[in-house]
Amino acid sequence: MSKKTFIFDLDGVIVDTAKYHFLAWQRLAAQIGIEFTPEHNEQLKGVSRVRSLDLILALGNIEATQTQKNEWLLQKNTEYLTYIEEMDESEILPGVMQVLEYLKQHKQNIVLGSASKNAKPILEKAKIMHYFDAIVDGNDVSNAKPDPEVFLQGAKKVNDIAENCIVFEDSVAGIQAANLANMISIGIGETNVLHEADYIFNDFTFIDLSFIENLINEKCV
Ligand code: BG6
Ligand code: MG
């Protein structure tokens with residue numbers, strides 16, 4: 001069996017934390033007087049914390065000083081951390097463990113490619129840190145998704161080339177980043193949102209292990 005690199009996004013792909021980001025942003029937006037809907041939230045998925053706030057403020061045509069923005073960023077993250085403080089492996093999304101186990105058994109590279117600065121504590125709480133050969137998160141990158149930097153850094157960390165990598169993503173920005181990196185993109189979520197992906201599944205329970213086996217053996221280069 002050949003060796004590929006499988007890069008996983010974190011929020012909304014491995015763990016069900018996308019809902020906590022949404023709740024924390026929604027509360028902040030309401031406090032500022034901005035209506036923030038689940039549709040608006042799709043644009044924030046995969047996007048860095050700083051850029052997310054800018055997008056929300058733009059929705060309400062609000063300009064703010066850097067000091068005010070820093071205060072709001074801290075407030076959002078503090079609320080988000082209260083949600084994830086309690087989390088454990090029960091927040092791992094259905095079907096994910098089966099795929100991680102299969103990849104591990106077949107000695108594939110497993111990499112995390114997340115925009116979140118909270119990625120490592122979340123992996124620890126979910127007790128899955130040991131599956132990962134490399135981690136690239138929001139603390140490592142200077143260009144947020146849809147820039148491909150996070151995934152290219154991931155490939156580099158395991159000494160692989162982009163054309164040998166497969167990315168699992170739930171966000172539009174993340175799918176665009178994977179495509180720009182020349183990696184195979186697999187969307188986890190709704191077809192009408194993630195239509196730019198090479199493959200789309202509602203969630204990991206729809207991914208047959210034979211599909212993973214084919215990806216491993218497919219000649220990409
Ligand atoms: C991404 C999420 O994974 O990380 C975004 O999809 C989030 O919603 C971003 O804003 C940054 O996360 P954090 O934990 O650093 O605020
Ligand atoms: Mg995500």
Side-chain angles (χ1 to χ4, degrees), residues 6-29 36-59 69-87 91-96 111-126 128 132 135-151 153-154 166-179 183 185-190 193-194 196-197 200-204:
F6 289 82
I7 308 182
F8 290 76
D9 172 50
L10 178 69
D11 297 311
V13 167
I14 295 181
V15 281
D16 200 8
T17 42
K19 62 184 183 210
Y20 299 140
H21 280 295
F22 173 64
L23 289 174
W25 282 128
Q26 197 178 39
R27 166 136 30 175
L28 181 71
F36 181 63
T37 65
E39 287 70 41
H40 294 139
N41 189 53
E42 285 303 327
Q43 306 309 314
L44 264 63
K45 285 188 182 170
V47 172
S48 69
R49 199 183 306 165
V50 168
R51 174 113 185 89
S52 298
L53 177 62
D54 285 341
L55 289 173
I56 290 174
L57 294 177
L59 280 175
K69 285 190 194 180
N70 290 345
E71 217 172 274
W72 284 334
L73 288 168
L74 182 65
Q75 187 185 323
K76 185 269 171 178
N77 197 49
T78 307
E79 177 167 352
Y80 178 68
L81 290 177
T82 64
Y83 291 121
I84 63 166
E85 200 171 322
E86 304 287 300
M87 78 172 272
E91 297 277 358
I92 297 174
L93 286 159
V96 169
V111 172
L112 190 87
S114 167
S116 174
K117 295 189 171 182
N118 297 303
K120 284 182 185 151
I122 291 176
L123 289 179
E124 266 161 17
K125 282 177 185 297
I128 49 172
F132 292 87
I135 290 172
V136 184
D137 65 22
N139 301 296
D140 304 311
V141 293
S142 17
N143 303 300
K145 300 169 188 174
D147 191 283
E149 185 186 354
V150 60
F151 298 140
Q153 271 199 35
I166 297 112
V167 174
F168 294 105
E169 257 294 348
D170 70 320
S171 71
V172 176
I175 293 294
Q176 290 170 342
N179 291 343
M183 298 178 175
S185 55
I186 303 184
I188 303 295
E190 290 175 26
V193 178
L194 303 174
E196 290 172 65
I200 306 169
F201 297 93
N202 247 303
D203 63 49
F204 276 84

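Read the numbers this way: they start at 1 and go in the same order the structure lists the ligands and their atoms.
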Q: For ligand 1, which atoms, with element, lie under 4.0 Å from some heavy atom of L44?
A: 5 (C), 8 (O)
Q: Below a 4.0 angstrom heavy-atom separation, can you tell me which part of S52, side chain or backbone, both or neither, approaches ligand 1?
A: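 The part of S52 near ligand 1 is the side chain, not the backbone.
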Q: Quick one: closest heavy-atom pair of A197 and G187, and the distance?
A: CB-N, 3.6 Å
Q: Given V47, I122, N41, which has its nearest heavy atom closest to atom 10 (O) of ligand 1?
A: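 Heavy atom nearest to atom 10 (O) of ligand 1 belongs to V47.
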Q: Tell me which part of L10 gets within contact of ligand 1: side chain, backbone, both or neither, using heavy atoms under 4.0 Å.
A: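 Answer for L10: neither.
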Q: So, is N118 polar-close to ligand 1, with some N/O to N/O distance under 3.5 Å?
A: yes
Q: Just by distance, no angles: are the side chains of Y83 and E91 close enough, under 3.5 Å, to form a donor-acceptor pair?
A: no
Q: What residue and atom, counting heavy atoms only, is the protein's closest point to atom 12 (O) of ligand 1, and at what distance?
A: S116 CA, 3.4 Å
Q: With nothing but distance in play, are any N or O atoms of W25 less than 3.5 Å from an N or O of ligand 1?
A: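 N/O-N/O distance under 3.5 Å: no.
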Q: Let's go through I122 and D11 carefully: what are the C-alpha distance in whole Å and the side-chain angles of both, what is the deciding distance for side chain to side chain contact (heavy atoms under 4.5 Å, CB included) to 0.1 Å, and is it a yes or a no?
A: CA-CA 9 Å; I122 291 176; D11 297 311; 4.2 Å; yes
Q: With the Mg ion (ligand 2) as the reference point, give the N/O/S atom of D11 that is nearest.
A: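 It is O, the N, O or S atom of D11 closest to the Mg ion (ligand 2).
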Q: To make sure I understand the geometry: which N, O or S atom in D170 is closest to the Mg ion (ligand 2)?
A: OD1
Q: What are the two closest non-hydrogen atoms of A126 and V15, and how far apart are they?
A: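 Result for this residue pair: CB-CG1, 4.3 Å.
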Q: Taking heavy atoms and a distance under 4.0 Å, where does K117 meet ligand 1: side chain, backbone, both or neither?
A: both
Q: Scan side-chain atoms only and decide if D137 and S116 contain a donor-acceptor pair under the 3.5 Å cut-off.
A: no
Q: Looking only at non-hydrogen atoms, find the nearest pair between S171 and K45 and report the distance.
A: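 That closest heavy-atom pairing would be CB-O, 3.2 Å.
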Q: Of all the N, O or S atoms in D9, which has the shortest distance to the Mg ion (ligand 2)?
A: OD2
Q: Looking at K45, which atoms of ligand 1 are within less than 4.0 Å of one of its heavy atoms?
A: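 This gives 6 (O) as the contact atoms.
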Q: Judged by modelled atom types alone, do Q75 and E79 share a side-chain donor-acceptor pair under 3.5 Å?
A: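 No, no side-chain donor-acceptor pair sits under 3.5 Å.
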Q: Tell me, with the steps shown, if L44 and L55 meet side chain to side chain contact (heavy atoms under 4.5 Å, CB included).
A: CA-CA 8 Å; L44 264 63; L55 289 173; 3.9 Å; yes
Q: From E169 CD over to D9 CG, what is the distance, rounded to the nearest 0.5 angstrom?
A: 4.0 Å
Q: I'd like to check which ligand 1 atoms, numbered from 1 as shown, lie under 4.0 Å from a non-hydrogen atom of R49.
A: 11 (C), 13 (P), 15 (O), 16 (O)
Q: Would you check, one step at a time, whether the test side chain to side chain contact (heavy atoms under 4.5 Å, CB included) holds for W72 with L53?
A: CA-CA 8 Å; W72 284 334; L53 177 62; 4.2 Å; yes
Q: Looking at ligand 1, would G46 count as a contact under a 4.0 Å heavy-atom criterion?
A: yes
Q: Which ligand 1 atoms does D11 reach within 4.0 Å, using its non-hydrogen atoms?
A: 1 (C), 2 (C), 3 (O), 4 (O)
